[in-house]
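Scroll down for the structure; my scribbles are underneath it.
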Amino acid sequence: MSYLRNSAAVWVPTVIALATLLVVWEVAVWGFGIESWLLAPPSAVFGELYDSPGLLVGHAGTTLTEIILGFAISISIGVVLATGIVWSRVIERSVFPIIIASQTIPIFALAPLLIIWIGTDIMSKVVVVVLFTFFPVVISLVTGLRSVDSEMVDMLRTLGATPYQTFSKLMVPTALPNFFAGMKVAAVVSVIGAVIGEWVGASAGLGWLMKVTPQYQTARIFAAIVVLSVLAMGLFAAVVLWEKWALRKYPATANQVTGLGEP
Amino acid sequence: MGSISGWTGAVVGQRSGISGVPDQPSASQDPLLAVSGVGFQYESIDVLEDIDLAVDRGEFVALVGPSGCGKSTLLNLISGVLAPSAGHIEVAGVNELVSRLGHVSYMQQKDLLLPWRTVSENGRLGLELRGVGATESEAEVAHLAESFGLADVLGSMPWQLSGGMRQRVALLRALLPDNAVLLLDEPFGALDAITRSGLQQWLLNVLDRAEKAVLLVTHDVEEAILLGDRVLVMAPDPGRIVAEVEINLDSAATNGPRITTARDFVETKRQILELLSNGAVSP
């Protein structure tokens with residue numbers, strides 16, 4: 001489990017950066033005498049988290065369920081679409097324009113219609129999450145599947161590989177690094193998708209909570225944002241762990257450029 | 001033996017063979033590989049023209065030519081990766097009407113090992129694609145690994161190996177499906193001179209010469225003379241075979257690095273280099 005190894009050097013810069021941001025924010029609110037309904041200081045936001053954890057955690061659970069369902073559906077759709085696009089030029093030419101067109105739809109404008117079509121239960125939010133997340137999954141997977149070395153394909157053909165064997169034994173493993181890059185993007189935007197879905201029509205979830213909370217209760221709205229950020233970071237970290245497990249045999253670290261400008 | 005266009009049959013001394021394998025009467029049996037009248041066009045440019053060659057069972061034929069003369073294209077045609085524009089290719093045991101893919105062993109210049117697979121998993125790829133189970137195919141890899149010097153690294157990843165070791169894994173992968181014809185495309189071209197020299201000697205020992213027909217493509221004349229029973233000389237634009245040289249070196253028995261400085265070796269090399277430069281100027 002060497003991919004779980006961490007050291008203080010990994011965490012210290014992150015902690016210092018976050019702490020500095022919070023201190024500057026807190027001092028600025030007090031120093032400039034900003035009203036707390038206009039900009040709640042971090043202390044008030046954390047006070048809100050401390051005072052009503054049940055409320056926030058309960059709604060976070062609803063939002064997380066929508067995200068995980070939507071994300072899982074996105075991955076399934078993404079795998080099917082990307083496979084079809086790479087497999088057949090007819091599928092590519094017929095499906096790709098529709099995929100791109102789907103991303104030009106202002107989802108905020110479409111969401112009320114989704115509520116009418118699907119109802120106010122969880123599925124309407126799941127659909128919005130899918131609309132936000134399947135695109136990075138499809139694009140990254142198509143790019144990854146196409147990044148295969150044609151000499152490798154020929155080598156497999158001389159060994160007698162069928163197109164399916166070439167796909168499963170060469171193209172899929174080649175595509176994994178790109179696929180995970182797309183899933184990291186999808187993990188973060190999935191949170192936005194869920195909030196927009198809840199904003200338009202829901203009876204629970206952090207997006208709904210932010211909408212029904214009176215505007216002057218800024219601390220509660222900010223607390224909900226903090227919980228959403230933690231959700232996004234947790235999803236991102238989960239994808240990173242999944243990636244490290246899936247790519248554990250790849251010669252990855254030796255080829256990645258890190259700390260280019262460091263002495 | 002297939003007829004070779006251009007002038008042929010430059011014989012140097014008695015045929016003693018470089019490997020010590022006894023000569024086989026080539027006329028009494030069909031060659032394992034027969035290429036006749038093969039041409040290949042790419043975007044209406046003639047890449048190869050009227051290629052005739054035959055390789056018998058137990059024979060090692062080397063094909064030398066300058067870069068870009070279509071040597072690798074010819075191997076791609078024989079292996080079935082490409083289809084010829086003219087002529088036909090016969091591989092013993094393979095119906096000419098079906099694909100030769102999977103029936104001709106082909107080792108490229110790049111090792112093309114899958115980076116996420118261990119040495120053993122790379123080696124058994126050809127068997128795996130034929131549906132041979134993991135246990136059985138891994139046992140076959142392990143069986144060959146000893147003579148390939150890979151027994152200790154079967155569980156290693158490709159990036160942990162030297163270039164020479166990676167090439168040996170690639171050859172093991174090509175040989176395991178046990179096809180009658182083996183094609184080698186500059187197999188040691190990317191290696192340093194010392195590693196290359198060691199692997200050339202090793203290759204002659206490890207190949208089951210009696211069973212296979214081997215066709216080697218190289219731009220290294222010394223490698224062609226060291227490994228080949230016959231050397232075919234190619235010229236470019238369009239790629240064609242212009243001469244055939246039988247390799248019969250008395251010095252072959254000396255082996256090792258000294259052979260390349262023996263008088264008959266140097267004379268053969270001079271002869272082939274002259275053929276190459278003649279081919280380069282005359283159309």
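So you know, we letter chains A, B, ... as the sequences are listed, proteins then strands, and number each from 1.
Taking 4.5 Å as the limit, every side-chain heavy atom of A:T158 sits out of range of all side-chain heavy atoms of B:V104. Two residues are said to be in side-chain contact when any heavy atoms from C-beta on lie closer than 4.5 Å; B:Q108 and A:M152 fail this criterion. The shortest distance between side-chain heavy atoms of B:R173 and A:M155 falls below 4.5 Å. Using a 4.5 Å cut-off on side-chain heavy atoms (C-beta onward), B:E128 and A:K169 make contact. At a threshold of 4.5 Å between non-hydrogen side-chain atoms, the residues A:T162 and B:L129 do not count as touching. Counting heavy atoms from C-beta on, the side chains of A:T174 and B:W116 come closer than 4.5 Å. Between B:L112 and A:D149 the shortest side-chain heavy-atom distance falls below 4.5 Å.
For the options B:P177, B:G80, B:G126, B:S105, heavy-atom pairs under 4.5 Å to chain A are most numerous at B:G126. Across B:L113, B:L176, B:L114, B:L125, the residue that shares the most heavy-atom pairs under 4.5 angstrom with chain A is B:L125.
Heavy-atom distances place no part of A:L176 under 4.5 Å from chain B, backbone and side chain included. Neither the backbone nor the side chain of B:L127 comes within contact range of chain A, judged by heavy atoms closer than 4.5 Å. Within the 4.5 angstrom heavy-atom criterion, only side-chain atoms of B:E121, from C-beta onward, approach chain A. For a residue to count as touching a neighbouring chain, one of its non-hydrogen atoms must lie under 4.5 Å from one of that chain's; by this rule B:T118 touches chain A with the side chain only.
With values rounded to the nearest 0.5 angstrom, A:E151 atom CD is found 3.5 Å from B:K110 atom NZ. The OG atom of B:S79 sits 8.0 Å away from atom CZ of A:R157, with the distance rounded to the nearest 0.5 Å.
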